2 protein chains.
Amino acid sequence: MDGPLDTRVTVRSAAATHTADCVVFGYAEGELRVLLVRRAVEPFLGHWVLPGGAMAETERLEETARRVLLELVGVRNLYLQQVATYSAPDRHPVRRVVTTSYYALVRPEQHQPTALGYLSEVRWFPLSEVPPLGFDHSTLLADAHARLILHLRTRPLAFDLLPERFTLTEAQGVYEEILGEGLDRRNFRRKLQTYDFLIETEEKRRGVRGGPVLYRVHVDRLRAQLQKNT
Amino acid sequence: MDGPLDTRVTVRSAAATHTADCVVFGYAEGELRVLLVRRAVEPFLGHWVLPGGAMAETERLEETARRVLLELVGVRNLYLQQVATYSAPDRHPVRRVVTTSYYALVRPEQHQPTALGYLSEVRWFPLSEVPPLGFDHSTLLADAHARLILHLRTRPLAFDLLPERFTLTEAQGVYEEILGEGLDRRNFRRKLQTYDFLIETEEKRRGVRGGPVLYRVHVDRLRAQLQKNT
DNA sequence: TCAAAAGTGTTCGGGCTACACCCATGC
DNA sequence: GCATGGGTGTAGCCCGAACACTTTTGA
């Protein structure tokens, strides 16, 4: 309660480090992917884990998460949602670390992630090829994905993963990849046509049969829509 | 990320106290209520706040929350869900405190809350009569209530707030109080009749016109149901 | 020209909503 | 006995699910 400890039980307050870890989702080549980093230091040297960093003195956790993402993929202003906080005393083998997880949606083609600091590698993994992660990060990833599915069912989030111009079939691919299930093309398109933030452009995608029409989003309307069902 | 800090930005890791604060909901006399405590120490001396406590060295935050609830209302094994984590650097006027909030559902008639330690008073407040709270607890309360509404729409949570025997009208009252809207009696009853964990007893409620029949829940079936849509 | 993907309407069923009358009990 | 709340069924609506053929374009 932000106050002195209760006196009935003698507890020593834990001086834990607090980190923000990011589950960064991206969509490329028809697959939902997640950004992982490889550790170059112990513990879990050589393991793949979620990118993250320690909360600084004057930061909120969300700011920590944004700072990490800026450093890692050089992107600001992306869609970021807190998922949960993990506090098992032994979740870090060396010292006490409490972690709050966030999920983020980015456009992979716009950003080249760079390994830095204590990392040896950064890579996009298709969700189905993610190896067992260090710490309890497999759990964080699963929880974040579950939360994303939940959110996607009530909010038009997929467009934060798509490039500026996209076809409806590509949009459907994003939905199918996140939800992990196939969707009916006509039902899907009818649903999208109810969104006032979708704008049909004059262009068609070249190099693909059928000559699909390209769409773009009216950014302000999309933002308004997203705020409505927060 | 549970690792050394990134090197590109020099951050000093914040040694924050971490607390678990509880938004304890109860239903009594036809009203949804929340359990608040009054502080007997600075800061916010005399203010009403959410009950909570600092995470101990060997505890997970959920255990902290359960410990607080055990001490405060003497109840184990209640329905407890993590809501969110709050980390604004200035949310506590004296020192840095990060707080993770939980909501809990209890049966007020079974427990007499007791003020202890640094508290001068403990009281159930009807949700509509909650005063402005100390710290940022008004926000935590609002967020927890919003989360409860969300959960109630997909899970049969109301029965964790009702006494062992209850009428369908009483159950409807709980739903209406949480959702903040009136429900159609017949539609509501039809919906409840689809739940296999509701058991009609032989008894009727005495002292109320109409002689409504009392129901109880099949605890195992309810637990099974709740786990299904976690 | 043919193979592949884009594009398009209608029907069906289930679940939610709205609505009115009789019955049991307390006062 | 009468006022209050308990108990019950049906019809419309909306949304999501299922489903097949024509058009466009690349190869």
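Given the structure is predicted, the values throughout are model-derived calculations rather than measurements. Naming convention: chains lettered A, B, ... in sequence-line order (proteins, then strands); numbering from 1 in each chain. Note: hydrogens, waters and symmetry copies are ignored here, and every other heavy atom, side chains too, is used.
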Between C/dA24 (P) and B/Leu168 (CG): distance, integer Å: 17 Å
Sugar-phosphate, base or nothing in reach of A/Thr169, heavy atoms under 4.0 Å: sugar-phosphate
The single option from A/Thr100, A/Thr99, A/Thr64 passing side-chain hydrogen bond (donor to acceptor under 3.5 Å, both in side chains) against A/Thr19: A/Thr99
Overall bend - the helix from C/dT1-D/dA27 to C/dC27-D/dG1, comparing terminal axes fitted on five pairs, nearest 10 degrees: 10°
Phosphate contact (C/dA24 OP1 or OP2) by B/Lys204 side-chain N/O below 4.0 Å: no
Residue met sooner reading DNA chain D from 5', once A/Pro212 and A/Arg185 are mapped to nucleotides: A/Arg185
Nearest-nucleotide comparison on DNA chain D, the residue closer to the 5′ end among A/Lys191 and A/Val208: A/Lys191
B/Arg123 NZ/CZ over B/Phe125 ring centroid, <6.0 Å and within 45° of normal: yes
Boundaries of the DNA chain D segment in contact with chain A, non-hydrogen, under 4.0 Å: D/dA17 to D/dA27
Atom pair distance, as rounded to whole Å: CD in B/Gln193 and P in C/dG15: 15 Å
Atom-pair distance (CZ on B/Arg209; P on C/dC23), nearest Å: 19 Å
Aromatic ring proximity A/His151/A/Tyr103, centre distance under 6.0 Å: yes
Phosphate-side-chain proximity, A/Arg190 and C/dT8, N/O vs OP1/OP2 below 4.0 Å: no
NZ/NE/NH1/NH2 to OD/OE distance under 4.0 Å, A/Arg33 and A/Glu31: yes
Separation of atom CD in A/Glu200 from atom C1' in C/dG7, rounded to whole Å: 11 Å
Donor-acceptor pair (no angle test) under 3.5 Å: B/Arg186 side chain, C/dA20 base: yes
Value in whole Å for how far the C1' atom of C/dA6 lies from CD of A/Gln172: 11 Å
By side-chain contact (heavy atoms from CB on, under 4.5 Å) - contacts of A/Arg66 (at least two apart): A/Glu62, A/Leu78, A/Leu80
Spacing between B/Phe188 atom CZ and C/dA18 atom C1', to the nearest angstrom: 17 Å
Integer-rounded Å distance: C/dA5 P and A/Arg189 CZ: 14 Å
Where B/Met55 and A/Ser87 come nearest, the two heavy atoms and their spacing: SD-CB, 4.2 Å
Ring-ring centroid check A/Tyr86 A/Phe135, cutoff 6.0 Å: no
From CA spacing to verdict: side chain to side chain donor-acceptor pair (under 3.5 Å), A/Arg155, A/Tyr79: CA-CA 12 Å; A/Arg155 306 173 202 176; A/Tyr79 191 79; 3.2 Å; yes
Selection from C/dT10, C/dA18, C/dA6 that lies nearest to any side-chain heavy atom of B/Asp184: C/dA18
Qualifying residue, where the test is side-chain hydrogen bond (donor to acceptor under 3.5 Å, both in side chains) with A/Asn187 and the options are A/Arg185, A/Arg189, A/Arg190: A/Arg190
